[in-house]
Every structure is written in structure tokens, then in C-alpha cells.
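Since the structure comes first, as C-alpha cells, the remarks are kept for the end.
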Amino acid sequence: MTIYDIAKACAVSIATVSRVLNGSTKVSPKTREKVLAAMNEHNYKPNPFARGLGLNSMKMIGILCTDVSDAFFAKAVSLVEHDLRKRGLDVILGCTGNELSDKKKYLQLFLDKHVDAIILIGSPFREEQDNSHIEKITKQIPIITINSLLDVPNIYCVLCDEKEGMQKAIELLAKQHCDNILYLYDSLSYSGQQKLAGYKAGIQEYNLKQVPYLIQRIPRTLEAAEAITTKLLDSGIELSAITASEDLLAVGAQKALSARGIILPVIGFNNSILAECSTPSLTSIDNRLDVLCPAAVTILAQILNGDFAAAPSKTIFPSLLVERESFSHNKPNKKEAAL
């Protein structure tokens, strides 16, 4: 048992449990009795190092991502850290890579460092077969995920509806009479699965062409996207539009089109800085990190304050389509529309 579990069992804040532990007179006798009874019932033993600080809390949050050099992860880390510091919470950042053994190692390391909670950024932390290592951690401290869904007790997920976003993008292309829509993707993480499902749902809904060569899984590099697009064009395959699971892949496809003087609608995903820097500027689906990250920190604050009823286990936000030149060359100004 942890102070988090005792607070939840008693429906009080972690600060209240801390006051009981430290003999504060600012706790009513009834509440003190309830907290002490829960401690006795669950054989709770506070961590002596944390208790020595007088709060039984390190005021430290662990943040994990797989690769902070990735634009999506870097932006999320920056937004989350900014909001945590505004609330007086410090941060430990870990970059795990994609190996499961390293993810487990970092989770245990954060637990050993007595962080108050862990924030997982992105969907690579959701394993396809077994997430028991995450469930083990949530029995001791809360975990918040950003843009991933994990059906595990004591985990709180904040995510964007990327499936609906991609499906709506296909709808917009269909209304422009695009039939052969190429889809480039690199990963089948939870996020990758949602985007692919959205593409397939849109294609089916509007009776567009469904042929294997229009769905291409490639490495997450500019060169790979340019190469596969070039290969398809050189083989005589007629394309009417291109969509991609990442802005980077969409930009690579645009390079192949530009090399041949071909103009087609192209839509990326993440609305990263790459979308604005590319030529033509790239239309992209924004998965709302500017909304997801503050929402995740707000939920974390509610949990740490013992307001468990106000902290939803799953929060989903709609995506936005940010329209730029690659979608409609005669509309150079950026437009945003809720998807």
C-alpha cells in the first residue's frame, strides 16, 4: 500500500494523509481515526525517506517517452513539464527506447526514486500482448497516459480520437473526387492502429478503391517515403491523393511528387513544425497536444489532491484538420476545422 492508496480508500487528499502521519493538528479527530484505521487495516508503512521531508511526498513526477528527439514526444514533454512546474511539481525524464526490457527498467527506476506519479507519453508503452508490468506499477502509484489507451486499474488515459480524424480526412478527399488514396505508415502501435483503422473506415464508407498497394508500411524516414512514392509512380500506378500517419512521411511523399512536377492533395498527421516548413506547406491532422497535455496534468493534480471522483479514467478529445497549401493550392492561408 502507498499513501495514494490510503488517500483513495479514505476519500481524502494525499496531503491529509500526510498531516495524519506527521501529527498535524489540522485534521479533525473523525478524519484522523478513519485514516489510521485504513493504515492499520492495510498494514501501511510509510517510506521513511519521503516522510522525513514532512510531506510523505517527493513532489516529483516521472515522465517517460521512447525518444525525446521525436518532434511529437519533445513537444509533449515540454508542455507537460511546463504545467507541472506551475503546480510546484518537479520532473524526472526518461527516454526508454522501444525495447520492452528498457521500459520495465525505467518504470522500476522511477518507483525506486519514490516519484508521486508517472506520465507515459505516446502509445509505444502499450504492449500488444501483456501490460502486467504497468499494472504492477499502478498498484503503487498512479499513471497517466497521453495519447494512448490502457485498460488497467488506476491508470488515467488522455487521448485524441485519431481514428475519427483520419476517417474525416478521407471524407474530405472523397468529396474532392479523390479515388486512389495512398496511405503511408510506419508503426502499428495503438496510435498507428487507430490511424490505419480510420483510413480503412473512410475508404469503405465512400466506396473508394481498396487495393493492397495503396497501403504501404515503411520505415519512419523521409527517404523511405520518397522512395515508395517514386516506385509507385514509376510503376504507372495512378494516385489521386496521399495520406500518412506522420508529417515526416507526408513530406517525403511530397518530395517525390515535386520531383515529377505532380500536384496532388497530401495530408500528414501530428501538425508538427515540419508541416509548416515543407514546400508546399503541409495540411495535417493535429492530435491536440496543446489540449491533451494540460488535461493530463489537471487530472494528475486531482488525483494527488484526493479528488478521485473528478478524475476520469478516459478522456478523449477530437482532432483538428489544419489546412494548408498541400490540400488546396488555391487556399494558401491556414484554416482549422474540428474533426
Decide yes or no on side chain to side chain contact (heavy atoms under 4.5 Å, CB included) for Leu120 and Ser148, but give the supporting numbers first.
-> CA-CA 8 Å; Leu120 303 179; Ser148 183; over 6 Å; no
Do Thr229 side-chain atoms and Glu226 backbone N/O form a donor-acceptor pair below 3.5 Å?
-> no
Gln254 side chain to Pro280 backbone, donor-acceptor under 3.5 Å | yes
Taking the side chain as every heavy atom from C-beta outward, state whether Val77 and Val91 have any pair of such atoms under 4.5 Å apart.
-> no
Cut-off 3.5 Å, no hydrogens considered: what does the side-chain donor-acceptor table look like for residues 294-304, sequence neighbours left out?
unit_1, atom_1, unit_2, atom_2, d
Thr298, OG1, Arg87, NH2, 3.4
Thr298, OG1, Pro294, O, 3.0

Counting only N and O atoms by type, is there a donor-acceptor contact under 3.5 Å from the side chain of Asn131 to the main-chain atoms of Arg126?
-> no
Side chains of Asn147 and Glu162: do they bring a donor and an acceptor to under 3.5 Å?
-> yes
Look at Lys168 together with Glu171 and state whether they make a salt bridge at an N to O cut-off of under 4.0 Å.
-> yes
Short question: side chain of Ser326, backbone of Pro265 - any donor-acceptor pair under 3.5 Å?
-> no
First locate atom CD1 of Ile155, then atom CZ of Phe125, and finally report the distance between them rounded to the nearest 0.5 Å.
-> 11.0 Å
Scan side-chain atoms only and decide if Thr283 and Glu323 contain a donor-acceptor pair under the 3.5 Å cut-off.
-> no
Non-neighbouring partners of Asp70 that pass side chain to side chain donor-acceptor pair (under 3.5 Å), sequence neighbours left out = Arg220
Hey, are Ser272 and Asn270 close enough side-chain-wise for a donor-acceptor pair under 3.5 Å?
-> no
Please answer: with hydrophobic residues joined when any side-chain heavy atoms are less than 4.5 Å apart, are Ile262 and Tyr213 in the same cluster?
-> yes
Would you check if Tyr190 and Leu150 make a side-chain contact, meaning some heavy-atom pair closer than 4.5 Å?
-> no
Flag for Ser189-Ser123: side-chain donor and acceptor within less than 3.5 Å = yes
Within the side chain of Thr243, is there an N or O that forms a donor-acceptor pair under 3.5 Å with the backbone of Leu182?
-> yes
Could you verify whether a donor N or O on one side chain and an acceptor N or O on the other, from Glu205 and Gln167, lie under 3.5 Å apart?
-> yes
Under the side chain to side chain contact (heavy atoms under 4.5 Å, CB included) rule, collect the residues that match up with Lys8, sequence neighbours excluded.
-> Tyr4, Asn154, Tyr156, Phe308
Please list, chain by chain and in numerical order, all residues satisfying side chain to side chain contact (heavy atoms under 4.5 Å, CB included) with Leu188, sequence neighbours excluded.
-> Tyr185, Gln193, Leu196, Arg217
Ser284 (side chain) donor-acceptor with Asn271 (main chain) under 3.5 angstrom = yes
Using modelled atom types only, decide if a donor and an acceptor are shared between the side chain of Arg288 and the backbone of Leu320 within a distance under 3.5 Å.
-> no
Non-neighbouring partners of Glu99 that pass side chain to side chain contact (heavy atoms under 4.5 Å, CB included), sequence neighbours left out = Ser101, Asp102
Taking the side chain as every heavy atom from C-beta outward, state whether Phe269 and Asp286 have any pair of such atoms under 4.5 Å apart.
-> no
Has the side chain of Lys209 got a donor or acceptor atom that lies under 3.5 Å from a matching backbone atom of Leu214?
-> no
Is the closest side-chain heavy-atom distance between Glu246 and Leu274 below 4.5 Å?
-> no
What residues, two or more places apart in sequence or in another chain, satisfy side chain to side chain contact (heavy atoms under 4.5 Å, CB included) together with Asp234?
-> Thr230, Arg260
Short side-chain to backbone donor-acceptor contact, Ser240 and Asp179, under 3.5 Å = yes
CD1/Ile118 to CD1/Ile141 distance, rounded to the nearest 0.5 angstrom?
-> 4.0 Å
Hey, could you give me the OG/CG distance between Ser319 and Leu159, rounded to the nearest 0.5 Å?
-> 11.5 Å
Main-chain N/O of Leu282 paired with Ser278 side-chain donor or acceptor, under 3.5 Å | yes
Without hydrogens or angle criteria, can the side chains of Ser281 and Glu276 be said to hold a donor-acceptor pair below 3.5 Å?
-> no
To the nearest 0.5 Å, tell me how far Ile92 CD1 sits from Tyr106 OH.
-> 11.5 Å
